[in-house]
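Just so you know, these numbers use all the heavy atoms, side chains as well, and skip hydrogens, waters and symmetry mates. Here the structure is a predicted model, which means the values were calculated and not measured.
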Amino acid sequence: MNRTIDPHEAAEKLREQINRHNRSYHQLDDPQISDAEYDLLLRELQILEATHPELITLDSPTHRVGAPPLKIFEEVSHVVPMLSLNNAFNDEEVIEFDRKIQEKLDQDSIDYIAEPKLDGLAISLLYQDGVLVQAATRGDGKSGENVTENIRTVRDIPLRLTGDFPPLFEVRGEVFMAKNSFEKLNKRAEEKGEKLFANPRNAAAGSLRQLDSKITASRALSFYCYGHGEFPAGNLPTNQAALLKIFKKWGLPVSSEIETISSIEGCIAYYKNLESRRPTLDYEIDGVVFKLNDFSLQNIMGFVARAPRWAIARKFPAEEAVTKLLDIDIQVGRTGALTPVARLAPVFVGGVTVTNATLHNLDEIRRKDVRIGDQVIVRRAGDVIPEVARVVLDKRNPSSTPFHFPEQCPICNSTVEKMAGESVARCSGGLFCPAQQKEAIKHFASRKAMDVDGLGSKLVEQLVDQNLIQNVADLYILQLEQLSSLERMGKKSAENLIAGLEKSKQTTLATFLFALGIRDVGEVTAQTLANHFGSLEAIKTADEAALLETADVGPVVAKHLMTFFQQPHNLEIIERLRQEAGIRWDDVTLGENSSQPLQDKIFVLTGTLEKFSRDQAKKLLQLLGAKVTNSISRKTDYLVAGENAGSKLEKALKLDITILDENQLSELLRKP
DNA sequence: CTACCTCGAGCTCA
DNA sequence: CTCGAGGTAG
């Protein structure tokens, strides 16, 4: 059989074969060839691509075996935010959800879509001309991590779609690991004496966070899609059911458990049914989701805060386990608040090993009458913080006594105070209390505050314990030699810390204000105060009336601010930070009402910029309130095109989007 | 709150 | 090899 084969043709043919087999295997669940034969085809294509690099396409199935390791994951913004869902923990809450919908919509009948809530990771997939071009994690909902290389190795996810799809759209779904894949993975790890994963969700999350996608490729991950993100309005079907249908037609995997249901009673029955079948499913679910089917009705319902009003997650009851309460520790927080923490005999519940659980406050302990030595029921549902639900009273040691809440701070012995009406007790020691010192310093150095690199919690503990520092001003007079007495502190680490401190000196007023750790002055309030007053001097000397003029600031916060700035000790530390350490910032220029002139404008950057890196440009734009995203859509306001701009430029031209060159960008940044 | 990944650096032992 | 810091996820 000696004939000349056109390599291009051969590659195309192999790809088509492989994609077809993928499809019959994953979507139709009807494998036509053995795994070995499949691997053979894949290897053939790999060889062909290796010898003819020009044949490699973005959607080639060989990408499923992994790409070269990344340095870090890039950040990508979600054009349409990825929201969370409101939860219902019982049928009443589901009925309430339906009632509100009925009330607002006034329809004869309402269709819901019911689907299993998979316990995995939410992922956004971007398809351009039917090819998977970007995959991102949920992140904070606004932007997540670019995990495209890893996602490409997930066999359930088509790299190329078939059919009639819009040129650019976003699919959302859940990546997860099937129970049996998880067991196989752990069994293999066990044989090799490696560490085991705690549960399928963590295994999936861990696999996806791998910088080397070859490792991800070796972990059988699965995917089901459940919705859309960015999607051209003209192409969007009228409802969720139809959307899922076309997704399926294009080759995207959709769970076969999803149903359209025309009453809330039906939804509740669906939940009961799935709950009973939960153990027989090959994947973990933590509940079911009900969504209003019709998109136009969804629009009418709108959103509350960070969740849609047209969907709800009915969660399965929290898992419970019995364990022994070994001890109750009292933690002292930054503000002196005493928080009792239950130390528990390790118990596996809800997929993790729980050893600590907060008891919130004294009232909570009294209400539940939790005593050291009790057998207690620990509860954990999904991302819910574990809690001590109740005591198993018949197992209580008859000689036990109620927990004695300390009257003195366990750290500094100062009197414990409890304000009438407040449920928290506080240590009155203020900054003389080492615990409060430590927490204040940790807060000061934390990422959202001064962001001192190299100064972690363990190091702060050591520094305070060894009397090297007592407050944040002391940090900046630390000498290299002093650090050498500390554990795990070599020359390099010490230098890194000093450099981290140095770097933190250039800051902003808002950041500094937040870092001071004034009660009730969080990130947002600090920013508002900085914008309103412009300088620290103005805030320091402001009277109550002036403070109250600031949005977000009420009598309580105003009082905290004034008290803070009245204490000589605080003023001294601030002076030292500014004079001695040299902490500096540019005062905010007042007057421009709109410090965010580009508020809500959506920018996309493409091509190479000369004067700044893309990240810098992004930061600068965001500083002015703009939103910087990665892909062009109808919503994009400006495209900044550098050298060698490619398809994005074309697309922007097509959509009639304003295009800026680098000079125009600089101009805009200077004078928005 | 727990679990996971990655990195740099310190520690330990040859 | 182990630890801490810093990041992610639910």
Side-chain angles (χ1 to χ4, degrees), chain A residues 69-76 82-85 87 117-123 136-141 143-147 150 174-177 182 185-186 189 194-213 215-216 219 284-287 306 313 315 318-319 331 339 341-344 346-360 378-388 442 445-449 451-463 483-497 499-500:
Chain A
L70 300 167
K71 285 283 182 309
I72 43 140
F73 296 114
E74 279 171 61
E75 187 187 320
V76 295
M82 292 181 83
L83 304 159
S84 48
L85 293 174
N87 291 325
K117 186 171 195 308
L118 296 161
D119 196 8
L121 294 97
I123 290 288
T137 60
R138 204 186 96 87
D140 62 2
S143 60
E145 286 182 318
N146 184 338
V147 287
N150 286 338
E174 196 89 352
V175 168
F176 61 97
M177 190 177 282
F182 165 74
L185 176 66
N186 260 1
E194 291 166 1
K195 259 188 68 188
L196 304 187
F197 284 104
N199 56 51
R201 204 203 72 76
N202 284 344
S207 304
L208 219 54
R209 300 206 43 72
Q210 222 60 52
L211 287 180
D212 184 353
S213 55
I215 301 178
T216 316
R219 308 272 179 86
E284 297 210 325
I285 58 176
D286 54 0
R306 321 206 58 196
K315 296 287 203 107
E319 251 186 76
Q331 270 176 7
T339 310
V341 179
R343 306 291 176 202
L344 304 162
V347 59
F348 194 73
V349 50
V352 297
T353 308
V354 172
T355 46
N356 305 307
T358 172
L359 290 167
H360 300 108
V378 176
R379 186 158 50 178
R380 201 191 99 106
D383 53 351
V384 174
I385 292 161
E387 63 167 348
V388 174
K442 286 179 199 172
S446 68
R447 199 159 82 94
K448 288 184 166 177
D451 192 16
V452 181
D453 289 350
L455 189 61
S457 149
K458 286 276 151 71
L459 195 50
V460 173
E461 307 264 335
Q462 285 193 68
L463 288 165
L483 295 171
S484 55
S485 64
L486 304 173
E487 274 168 56
R488 295 200 78 79
M489 212 359 120
K491 187 153 172 275
K492 187 69 187 162
S493 297
E495 281 169 8
N496 286 348
L497 173 59

Have a look at G454(A) and say if it touches a base, only the backbone sugar-phosphate, or nothing, with a 4.0 Å heavy-atom cut-off. sugar-phosphate
Output the rounded distance in Å from CG (L211(A)) to P (dC4(B)). 17 Å
Please determine whether side-chain contact (heavy atoms from CB on, under 4.5 Å) holds for the pair L118(A) and I285(A), giving the CA-CA distance in whole Å, both sets of side-chain angles, and the decisive distance to 0.1 Å. CA-CA 4 Å; L118(A) 296 161; I285(A) 58 176; 4.0 Å; yes
Ignoring backbone atoms, test whether T355(A) places a side-chain nitrogen or oxygen under 4.0 Å from the OP1 or OP2 oxygen of dC1(B). no
Closest listed nucleotide, where the reference is the side chain of I385(A) and the choices are dG7(C), dC1(B), dC4(B): dC1(B)
Across the strands shown, which category fits I72(A) at heavy-atom distances under 4.0 angstrom: base, sugar-phosphate, nothing? nothing
Look at all strands and tell whether F197(A) reaches a base, only sugar-phosphate, or nothing, counting heavy atoms closer than 4.0 Å. sugar-phosphate
Check every strand shown and say whether K491(A) touches a base, only sugar-phosphate, or nothing at a heavy-atom separation below 4.0 Å. sugar-phosphate
Does dA9(C) have OP1 or OP2 sitting under 4.0 Å from an N or O in the side chain of T137(A)? yes
Which part of the nucleic acid, if any, lies within contact of V452(A), taking any heavy atom under 4.0 Å across all strands shown: a base, the sugar-phosphate backbone alone, or nothing? sugar-phosphate
What nucleotide among dT8(C), dA3(B), dG10(C) has an atom nearest to a side-chain atom of A198(A)? dA3(B)
Phosphate contact (dC1(B) OP1 or OP2) by T358(A) side-chain N/O below 4.0 Å: no
Between C1' on dC11(B) and NZ on K492(A), what's the gap in Å once rounded to a whole number? 18 Å
Candidates dC5(B), dG4(C), dG10(C) - which lies nearest the side chain of Q210(A): dC5(B)
Between N496(A) and dA9(B), is there a contact of a side-chain N or O with OP1 or OP2 at under 4.0 Å? yes
L459(A) CG to dA5(C) C1', straight-line distance once rounded to whole Å: 10 Å
Just call it for D453(A): base, sugar-phosphate, or nothing, with non-hydrogen atoms closer than 4.0 Å on any strand. sugar-phosphate
Would you tell me whether Q210(A) and T216(A) have side-chain atoms, one donor and one acceptor, within less than 3.5 Å of each other? no
Is the shortest heavy-atom distance from the side chain of D286(A) to the side chain of K315(A) under 4.5 Å? yes
Does A122(A) reach a base, just sugar-phosphate, or nothing at all? Heavy atoms under 4.0 Å. sugar-phosphate
DNA chain B: 5'-proximal contact among S207(A) and V352(A) (nearest heavy atom): V352(A)
Heavy atoms under 4.0 Å, any strand shown: does G144(A) hit a base, just sugar-phosphate, or nothing? nothing
Expressed in angstrom and rounded to an integer, what is the separation of F176(A) atom CZ from dA9(C) atom C1'? 17 Å
With nearest nucleotide decided by heavy atoms, which residue, T353(A) or D212(A), maps closer to the 5′ end of DNA chain B? T353(A)
Between C1' on dA9(B) and NZ on K458(A), what's the gap in Å once rounded to a whole number? 16 Å
Just so I know, are the side chains of N146(A) and L70(A) near enough to count as touching, which here means a heavy-atom distance under 4.5 Å? no
Are R209(A) and E145(A) close enough for a salt bridge, meaning some N to O gap below 4.0 Å? yes
Could you go through L459(A) and M489(A), starting from their C-alpha distance and side-chain angles, then the distance that decides it, and tell me whether this counts as side-chain contact (heavy atoms from CB on, under 4.5 Å)? CA-CA 9 Å; L459(A) 195 50; M489(A) 212 359 120; 3.5 Å; yes
Is K442(A) salt-bridged to E461(A), going by a charged N under 4.0 Å from an acidic O? yes
Describe the nucleic acid contact of L208(A) in one word from base, sugar-phosphate, nothing, applying a heavy-atom distance below 4.0 Å. nothing
Ignoring backbone atoms, establish whether N356(A) has a side-chain N or O less than 4.0 Å from OP1 or OP2 of dT2(B). yes
Return the value, rounded to whole Å, for the distance between atom NZ of K71(A) and atom P of dT6(B). 14 Å
Contact class for L196(A) vs. all strands (heavy atom < 4.0 Å): base, sugar-phosphate, or nothing? sugar-phosphate
Atom-pair distance (CG on D119(A); P on dG10(C)), nearest Å: 10 Å
Should R488(A) be listed as having a side-chain N or O under 4.0 Å from OP1 or OP2 of dA9(B)? no
Rounding to an integer number of Å, can you tell me how far R380(A) CZ sits from dA9(C) P? 16 Å
With sugar-phosphate meaning primed atoms plus P, OP1 and OP2, does A205(A) contact a base, only sugar-phosphate, or nothing at under 4.0 Å between heavy atoms? nothing
At 4.0 Å (heavy atoms only), tell me whether E145(A) reaches a base, stays on the sugar-phosphate, or touches nothing. sugar-phosphate
